[in-house]
Amino acid sequence: DEQKKDLENARGKPQESITSSEFDEFLAERAAAADTLPSISAQTGQQPRSAN
Amino acid sequence: STGQKPNINTKQDAVQRFFRIPFARPSDDFRDNPTGKKHGMWWAHFDGQWIARQMEMYPDKQPIILVSGVDDMQMCELSLEETGLGRKKGAEILGKDFEAEWIKNGGKEYLKKHAQRVSSQFLKKRQGLSN
């Protein structure tokens, strides 16, 4: 476990990130897939609203 | 003991656990974006050790809702134990918070539409479809 933590720190990940590397890989794949989704503004023709 | 056993979700009384964690595209950089406005949120409902429902949300993108048995190719195939989510601080959320978001994104209608294909025993039971 110590080795794993060291490895994660070396990769620059936050220390609380203790999910498995396989899971992190899966999440990265899913996040990349989001790029292919149409944006809401593209679908509705509306400008994104600012939170401010 | 943590009480965790390598259960599979064929058990009707399996423990239901819910998680929410931020996730980012490789092009996004968490560390340069402390406000978290750019990254998305990944939501999961585990029926025992296996995922039953998954939601993915990105700002300015249509939310994605997925159900096991219907959308398996896009869902987490690791067991809860294998993901490490149960040990991640702040990742676990209340079921009611997951349900509220699920309903908000049309999950109820989606489950109804695909009721016959849902593989989670918990969801089948809740839909009144268990044997």
Side-chain angles (χ1 to χ4, degrees), chain A, chain B residues 2 17 19-44 46 49-51 53-66 71-92 105-106:
Chain A
D1 277 359
E2 279 304 309
Q3 270 184 332
K4 200 177 169 192
K5 272 183 192 169
D6 288 346
L7 189 65
E8 284 177 352
N9 287 337
R11 284 182 191 154
K13 288 189 176 184
Q15 199 158 5
E16 72 270 18
S17 177
I18 53 162
T19 46
S20 73
S21 55
E22 275 174 302
F23 181 65
D24 290 344
E25 236 170 74
F26 162 75
L27 275 190
E29 277 173 26
R30 294 304 303 153
D35 274 337
T36 63
L37 294 171
S39 68
I40 291 171
S41 54
Q43 282 193 337
T44 61
Q46 290 172 350
Q47 292 296 315
R49 263 188 245 166
S50 166
N52 300 319
Chain B
T2 59
R17 293 177 77 182
F19 299 90
R20 185 185 64 186
I21 57 167
F23 73 143
R25 287 167 283 198
S27 55
D28 301 337
D29 195 325
F30 273 117
R31 286 158 293 183
D32 292 344
N33 182 30
T35 57
K37 279 185 183 167
K38 223 172 140 191
H39 68 70
M41 293 302 283
W42 187 87
W43 301 64
F46 280 84
Q49 278 296 308
W50 304 102
I51 199 155
R53 288 178 288 171
Q54 187 174 309
M55 283 190 284
E56 294 168 3
M57 282 160 215
Y58 254 107
D60 196 37
K61 298 273 185 189
Q62 289 286 357
I64 299 176
I65 57 173
L66 306 161
D71 305 298
D72 295 339
M73 294 298 284
Q74 297 157 81
M75 297 180 76
C76 178
E77 60 181 14
L78 301 169
S79 69
L80 177 56
E81 182 61 31
E82 284 168 339
T83 63
L85 274 170
R87 297 181 295 275
K88 190 170 171 68
K89 253 189 183 178
E92 188 153 13
N105 290 299

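Reminder, nothing fancy here: chain letters follow the sequence lines and each chain counts from 1.
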K.L.:
Please state whether the side chain, the backbone, both or neither of Met57(B) comes within less than 4.5 Å of a heavy atom of chain A.
P.N.:
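For Met57(B), there is no contact with chain A at all, as no heavy atom is under 4.5 Å.
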K.L.:
Under 4.5 Å heavy-atom distance to chain A, tell me which part of Gln74(B) shows up: side chain, backbone, both or neither.
P.N.:
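Both backbone and side chain.
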K.L.:
Which residues pass the salt bridge (charged side-chain N to carboxylate O under 4.0 Å, His left out) test with Arg30(A), not counting sequence neighbours?
P.N.:
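Only Glu56(B) meet the salt bridge (charged side-chain N to carboxylate O under 4.0 Å, His left out) criterion with Arg30(A).
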K.L.:
On the 0 to 90° scale, with breaks at 30° and 60°, tag the Tyr58(B)-Phe23(B) ring pair as parallel, tilted or perpendicular.
P.N.:
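Judged by the thresholds at 30° and 60°, the geometry between Tyr58(B) and Phe23(B) is tilted.
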K.L.:
Can you measure from OG1 (Thr83(B)) to CZ (Phe19(B)) and round to the nearest 0.5 angstrom?
P.N.:
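It is 6.5 Å, given to the nearest 0.5 Å.
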K.L.:
Taking atom CG of Leu66(B) and atom CZ of Arg53(B), what is their separation to the nearest 0.5 Å?
P.N.:
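If we round to the nearest 0.5 Å, Leu66(B):CG and Arg53(B):CZ are 12.0 Å apart.
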K.L.:
At a heavy-atom separation under 4.5 Å, does Leu78(B) approach chain A through its side chain, its backbone, both, or neither?
P.N.:
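Just the side chain, heavy atoms under 4.5 Å.
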